[in-house]
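Only a predicted model underlies this, so the values are computations on that prediction, with no experimental measurement involved. These numbers come from the heavy atoms of this one structure, side chains and all, not from hydrogens, waters or symmetry mates.
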Amino acid sequence: MPKEITPFEKLVYAACQKIPRGRISTYAEIARYIKNSKSARAVGNALNRNPYAPKVLCHRVVRSDGTVGGFVHGEKKKIEILKKENVAIKNGRVVDFDKVFCVIQ
DNA sequence: GTGTTGACCACAG
DNA sequence: GCTGTGGCCAACA
């Protein structure tokens with residue numbers, strides 16, 4: 001049976017799906033898209049619970065520093081996925097972060 | 001209602 | 001480059 005999620009999480013997942021392929025975004029950007037605030041923690045919290053991990057594009061969300069942050073399947077797996085999306089990763093960090101970074105519209 | 005925790009961010013040292 | 005501290009917001013005990 002479907003798990004009940006809060007409207008906040010719903011917005012977070014929608015923002016993840018709004019990211020085009022081959023691009024990534026940050027927790028802060030998603031938080032800004034939702035509430036125009038710096039509550040990146042709330043976004044990370046929603047994705048941490050992530051009841052629909054493979055359904056949402058949470059792997060396209062990284063930290064402001066360009067680090068992959070965390071992932072349910074592991075950072076290593078997240079890097080593998082991003083590399084398949086034509087996103088260069090090096091030493092656990094996004095190489096062309098500015099090039100692949102995309103603002104939520 | 002209060003306190004803790006969390007896939008965070010920014011700044012200071 | 002790293003660590004520590006303060007701050008922000010949401011969910012949970």
Side-chain angles (χ1 to χ4, degrees):
Chain A
M1 27 41 103
K3 188 176 180 132
E4 296 188 34
I5 62 176
T6 63
F8 180 78
E9 293 182 357
K10 195 174 178 183
L11 291 169
V12 175
Y13 304 142
C16 290
Q17 294 179 1
K18 228 170 199 303
I19 304 170
R21 182 200 167 280
R23 297 265 168 108
I24 58 176
S25 187
T26 65
Y27 298 101
E29 194 59 49
I30 294 174
R32 207 166 292 176
Y33 161 73
I34 296 173
K35 285 182 93 79
N36 194 18
S37 295
K38 298 167 186 187
S39 49
R41 227 174 193 172
V43 177
N45 210 346
L47 292 177
N48 182 356
R49 288 145 192 265
N50 199 357
Y52 299 102
K55 285 197 180 219
V56 295
L57 296 320
C58 47
H59 60 263
R60 287 182 187 161
V61 184
V62 297
R63 302 200 347 185
S64 307
D65 300 294
T67 49
V68 297
F71 195 48
V72 182
H73 305 292
E75 295 184 17
K76 199 171 179 185
K77 192 78 175 181
K78 188 167 183 175
I79 293 169
E80 291 287 305
I81 298 172
L82 289 174
K83 282 175 104 174
K84 287 182 181 180
E85 298 281 314
N86 196 24
V87 178
I89 306 285
K90 181 140 200 161
N91 204 18
R93 287 171 225 157
V94 181
V95 180
D96 298 313
F97 176 69
D98 295 340
K99 296 182 180 179
V100 294
F101 173 71
C102 182
V103 181
I104 312 294
Q105 300 176 29

Checklist entry - Taking atom CZ of A/Arg41 and atom OH of A/Tyr27, what is their separation to the nearest 0.5 Å? => result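 Reported to 0.5 Å precision, the distance equals 13.0 Å.
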
Item to check | Spacing of CD belonging to A/Glu9 relative to CG belonging to A/Asn48, to within rounding of 0.5 Å | outcome: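 The distance works out to 10.0 Å.
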
Item to check | Stepwise side-chain contact (heavy atoms from CB on, under 4.5 Å) check, A/Ile19 with A/Leu57 | outcome: CA-CA 8 Å; A/Ile19 304 170; A/Leu57 296 320; 5.8 Å; no

Checklist entry - Do the side-chain N and O atoms of A/Arg49 and A/Asn45 include a donor-acceptor pair separated by under 3.5 angstrom? => result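 Side chains of A/Arg49 and A/Asn45: pair found under 3.5 Å.
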
Measure all distances between protein nitrogen or oxygen atoms and nitrogen or oxygen atoms of nucleotides 2-5 of chain C, and list the pairs falling under 3.5 Å.
none

Checklist entry - Counting N and O atoms only, with roles assigned by atom type, does the side chain of A/Ser37 sit under 3.5 Å from a partner on the main chain of A/Lys35, one being a donor and the other an acceptor? => result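 The answer is yes, because a donor-acceptor pair under 3.5 Å joins these two groups.
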
How many Å lie between [atom1] on [X] and [atom2] on [N], as a whole number?
X: A/Arg32; N: B/dC9; atom1: CZ; atom2: P; value: 10 Å
X: A/Leu47; N: B/dC8; atom1: CG; atom2: C1'; value: 11 Å
X: A/Phe71; N: B/dC8; atom1: CZ; atom2: P; value: 13 Å

Item to check | Parallel, tilted or perpendicular: ring planes of A/His73 versus A/Phe71, cut at 30 and 60 degrees | outcome: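 A/His73 and A/Phe71: perpendicular rings.
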
Checklist outcome for this item: In 5'-to-3' order, the base (B), backbone-only (S) or no-contact (-) status of each nucleotide in nucleotides 8-13 of chain C, using a 4.0 angstrom heavy-atom cut-off, is BBBSS-

Quiz: residues 79-86 of chain A side-chain donor-acceptor pairs under 3.5 angstrom, not counting sequence neighbours:
from	atom 1	to	atom 2	distance (Å)
A/Glu85	OE1	A/Gly22	N	3.4
A/Glu85	OE1	A/Arg60	NH2	3.0

